[in-house]
Amino acid sequence: MDTADAASGDHSAGDITDGFHLLIDALKLNDVETIYGVPGIPITDLGRMMQEEGLRVLSFRHEQNAGNAAAIAGYLTKKPGVCLTVSAPGFLNGLTALAHATTNCWPMILISGSSEREVVDLMQGDYEEMDQLAIAKPLCKAAFRVLHAQDIGIAVARAVRAAVSGRPGGVYLDIPGALLGQVMDAVEGAQSLVKVIDPAPAQHPAPEAVKRALDVIKSAKRPLIILGKGAAYAQADDVVREFVEKSGIPYLPMSMAKGLLPDGHDQSAGAARSLALKESDVVIMVGARLNWLLSHGKGKQWGPAHSTRFVQIDIEPREMDSNVEIAAPLVGDIESCLSALTKAMGKNWKTPPAEWTDAVREKRDANVAKMAPSLQNNASPMNYAGALGAIKRIIDKNPETMFVNEGANTLDFARSMVDMHRPRKRLDVGTWGVMGVGMGTAIAAAVESDLPVLAVEGDSAFGFSGMEVETICRYNLPICIVVFNNNGIYRGTDVNRAGGEDPAPTVFVEGARYDKMMEAFGGVGAYATNPDELHQAVSDALKSGKPTLVNAVIDPAAGKESGNIGSLNPTSVVVKRMGGKVLEIIKQKASR
Ligand code: ADP
Ligand code: TPW
Ligand code: MG
């Protein structure tokens, strides 16, 4: 429906409309198709009417999971994912996901019902009273409240544009319950709706910035491209490929950019990460930030201080120099910037010295060869490599599968062992490393892509959103969950250091059967103690498309504290004394 249709609508003089319908019409006019939420006062009827009016409404068991679904829907579609919640507690439950979306630069709109404005502002104790707008503000890109039905159209338009333009992010839209019941003339109502034209306009880089970037790249002896999830989000896949291939420069994909170019690509430096970061002299950042995931662009992982020069492509000007000097900032959208660079490289582009590209390739191939036997490990109970070998073979055979991944060891081992072959197929914990995104992510991945989903989950990670297996069964989604069950967080072997009866804080019930949770709601439960059984169970699930949960038994001693990021744990100090005299001061990291 375009604006003209909406304005004339099906309405004739004398018809009236209300806040419910104006909100629904405004969302539909702006191409929103799916709503992820949890019903209750004051938005129960809104959900029903949305469904009646042709929106797909997915009802969750907890708002955080609905919010995580909306966040990843935004990443996958470049349109705002919409989450709908009730007031105060429901709103707060949705807020973690809104902040997560904002942190990851994904467009999302959290729409929450709220209580009587007059009562809230006088703090008179309304049902679920809370000043939601004030609370949302610091956690998202923009926050709006609508008080009058005739403003609903403009409010939705502002929310959509704020979410997707520039650096994408989360937007909060506060809908006081009373607004939904307001009535107005239907023709005027239809005319009040606003269709956002060109919501994320192209942003072309300045020609001098392109030239500066190219000069820096040309000066490099050992250049490296880093592709981030901003590049995957941009959906400029062909342009990215053309730039990488024409430049001849090795590239490193960040976690969710894996598959933007297939991991088997000749220029991939994925398995030579340490060498590539340490030895490169010019690094071209493409939709990736120099945050903790790249140790802030300095320190041990990198070459000598100030020896690496950076070119950075980002839509957000303030991202430049966030951690180190950026020699050539290229501000604009990925597609415009990379097209301009590729064009400016011209016909006689000289690819980097073979000495460098060969060194990266050799290191990568050696590392891949070194890892290969571990992926064939058939031991039972499984270690991570054995289990992930089975998962890797499945993804290699079914490259279209949407791959969801969370946990600590389960995440870090899977990232390095399971190759991705297509863009935006690896969906994980993002910039914050949030546990609990798994089921919301899996549900949105299935709904938005219509493709089979494989979610590989640590047993702890799964527990954060595990109740959504009911949602998966209810909507009969083609999702196969594999729980890597090592009886705990990082490992299942920790003991209570006080010797008491309580288990250690990181361990769970031994030998739990997560597969039974899926069976409880009519899905398929499977139990795998070795890689062959795991391979079989997952293959069957992908073939049948039935909701499935495979409980994969992992050796409780196989994992490392905090997976790959144990070094981020604070150091504790133990002082050993004998008779009041200090014998030794021992500094130690968490795991022992
Ligand atoms: P990763 O974790 O993969 O390194 P980040 O989330 O840290 O990626 O960085 C993504 C970056 O991409 C953000 O700085 C964001 O501003 C940028 N970005 C998002 N969309 C676009 C786009 N269309 N064009 C350019 N930059 C973008
Ligand atoms: C919202 C802290 C990081 S990883 C993890 C926790 C609790 C679970 C690791 O255990 P899992 O994986 O999933 O069983 P594995 O294979 O190592 O055993 N709360 C939030 N986010 C984070 N990151 C944490 C806590 C954490
Ligand atoms: Mg675990």
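We're numbering straight along the sequence, starting at 1. Just follow the structure's listing: the first ligand is 1, and inside any ligand the first atom is 1.
Ion pairing between D412 and R415 holds under the 4.0 Å rule for side-chain N and carboxylate O. Salt-bridge annotation for E561 and K589: absent, with no side-chain N of the basic residue lying under 4.0 Å from a carboxylate O of the acidic one. A salt bridge links D215 with K211: the distance from a Lys NZ or Arg NE/NH1/NH2 to an Asp or Glu carboxylate oxygen falls below 4.0 Å. Classification of E242 and K246 as a salt-bridged pair fails, no side-chain N sitting under 4.0 Å from a carboxylate O.
A cation-pi arrangement, defined by a distance under 6.0 Å to the six-membered ring centre and an angle within 45 degrees of its axis, is present between R513 and Y527.
Geometrically, ligand 1 and D333 share no nitrogen or oxygen pair separated by less than 3.5 Å. Distances between N or O atoms of E316 and those of ligand 1 include no value under 3.5 Å.
Ligand 1 places these atoms under 4.0 Å from at least one heavy atom of G228: 3 (O). When each atom of ligand 1 is checked for a heavy atom of N291 under 4.0 Å away, the hits are 7 (O). Residue-ligand proximity, G332 to ligand 1, at heavy-atom distances under 4.0 Å covers atoms 24 (N), 25 (C).
Looking only at distances, a side-chain donor or acceptor of D281 sits under 3.5 Å from a matching main-chain atom of R222. Within the 3.5 Å criterion, the main-chain N or O of H62 finds a donor-acceptor partner in the side chain of E468.
In this structure, the protein non-hydrogen atom closest to atom 23 (N) of ligand 1 is A234 CB, 3.8 Å. Considering only non-hydrogen protein atoms, atom 6 (O) of ligand 1 sits nearest to K229 NZ, 2.6 Å. Looking only at protein heavy atoms, the nearest one to atom 20 (N) of ligand 1 is Y233 CD2, 3.6 Å. Closest protein heavy atom to atom 19 (C) of ligand 1: G230 CA, 3.8 Å. Counting only heavy atoms of the protein, atom 7 (O) of ligand 1 lies nearest to R289 NE, 2.8 Å. Distance from atom 10 (C) of ligand 1 to its nearest protein heavy atom, with residue and atom name: G287 O, 3.2 Å. Scanning the protein heavy atoms around atom 26 (N) of ligand 1, the nearest turns out to be I315 N, 3.2 Å.
At a 4.0 Å heavy-atom cut-off, ligand 1 touches C105 through the side chain alone. With a heavy-atom cut-off of 4.0 Å, I226 does not touch ligand 1 at all.
In this comparison of L260, D314, I334, L227, the heavy atom closest to atom 11 (C) of ligand 1 sits on D314.
Side-chain contact between L260 and Y251 is absent, with no heavy atoms from C-beta onward closer than 4.5 Å.
Take the Mg ion (ligand 3) and draw a sphere of radius 2.8 Å; the protein N/O/S atoms inside it number 3.
For S280 against L224, the heavy-atom pair with the smallest separation is CB-CB, 3.8 Å. Scanning both residues, G74 and Y233, for their nearest heavy atoms gives O-CE1, 3.5 Å. Across all their heavy atoms, G287 and I334 have their closest contact at N-CD1, 3.7 Å. Here the closest heavy-atom approach between residue P107 and residue A163 is recorded as CB-O, 3.4 Å. Here the closest non-hydrogen pair linking E63 and T85 is CG-CG2, 3.7 Å. What you find for I313 and C337 is that their closest heavy atoms are CG2-CB, 3.5 Å.
Between F413 and Y384, the ring planes lie parallel to each other; the angle is under 30°, not in the 30° to 60° tilted range.
At a 4.0 Å cut-off, not a single heavy atom of G430 sits close enough to ligand 1 to count as contact. By the 4.0 Å heavy-atom criterion, A257 is excluded from the residues contacting ligand 1.
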Enumerate the pairs of nitrogen or oxygen atoms, one from ligand 2 and one from the protein, separated by less than 3.5 angstrom; state names and distance to 0.1 Å.
unit_1, atom_1, unit_2, atom_2, d
ligand 2, 12 (O), A408, N, 3.2
ligand 2, 13 (O), A461, N, 3.0
ligand 2, 14 (O), D459, N, 3.2
ligand 2, 14 (O), D459, OD1, 2.6
ligand 2, 14 (O), S460, N, 3.0
ligand 2, 14 (O), G488, O, 3.0
ligand 2, 16 (O), Y384, OH, 2.7
ligand 2, 16 (O), T410, N, 3.1
ligand 2, 16 (O), T410, OG1, 2.6
ligand 2, 17 (O), N409, N, 2.9
ligand 2, 17 (O), N409, ND2, 2.9
ligand 2, 18 (O), N486, OD1, 3.2
ligand 2, 18 (O), N486, ND2, 2.9
ligand 2, 18 (O), G488, O, 3.0
ligand 2, 18 (O), Y490, N, 3.2
ligand 2, 21 (N), M435, N, 3.2
ligand 2, 23 (N), G433, O, 2.8

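Side chains of N551 and N485: a donor-acceptor N/O pair is present below 3.5 angstrom, by distance only.
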Output side-chain donor-acceptor pairs under 3.5 Å for residues 455-463, partner residues at least two apart or in another chain, one line each.
unit_1, atom_1, unit_2, atom_2, d
D459, OD2, N487, N, 3.1
D459, OD2, G488, N, 2.8

Name the atoms and distances for all side-chain donor-acceptor pairs under 3.5 Å in residues 425-444, with sequence neighbours left out.
unit_1, atom_1, unit_2, atom_2, d
R426, NE, S255, OG, 3.1
R426, NE, D428, OD2, 3.1
R426, NH1, N405, OD1, 3.1
R426, NH2, N405, OD1, 3.1
R426, NH2, D428, OD2, 3.1
D428, OD1, G430, N, 3.0
D428, OD2, S255, OG, 2.5
T431, OG1, N104, OD1, 3.0
T431, OG1, K229, NZ, 2.7
T431, OG1, R289, NH2, 3.4
T441, OG1, V437, O, 2.6

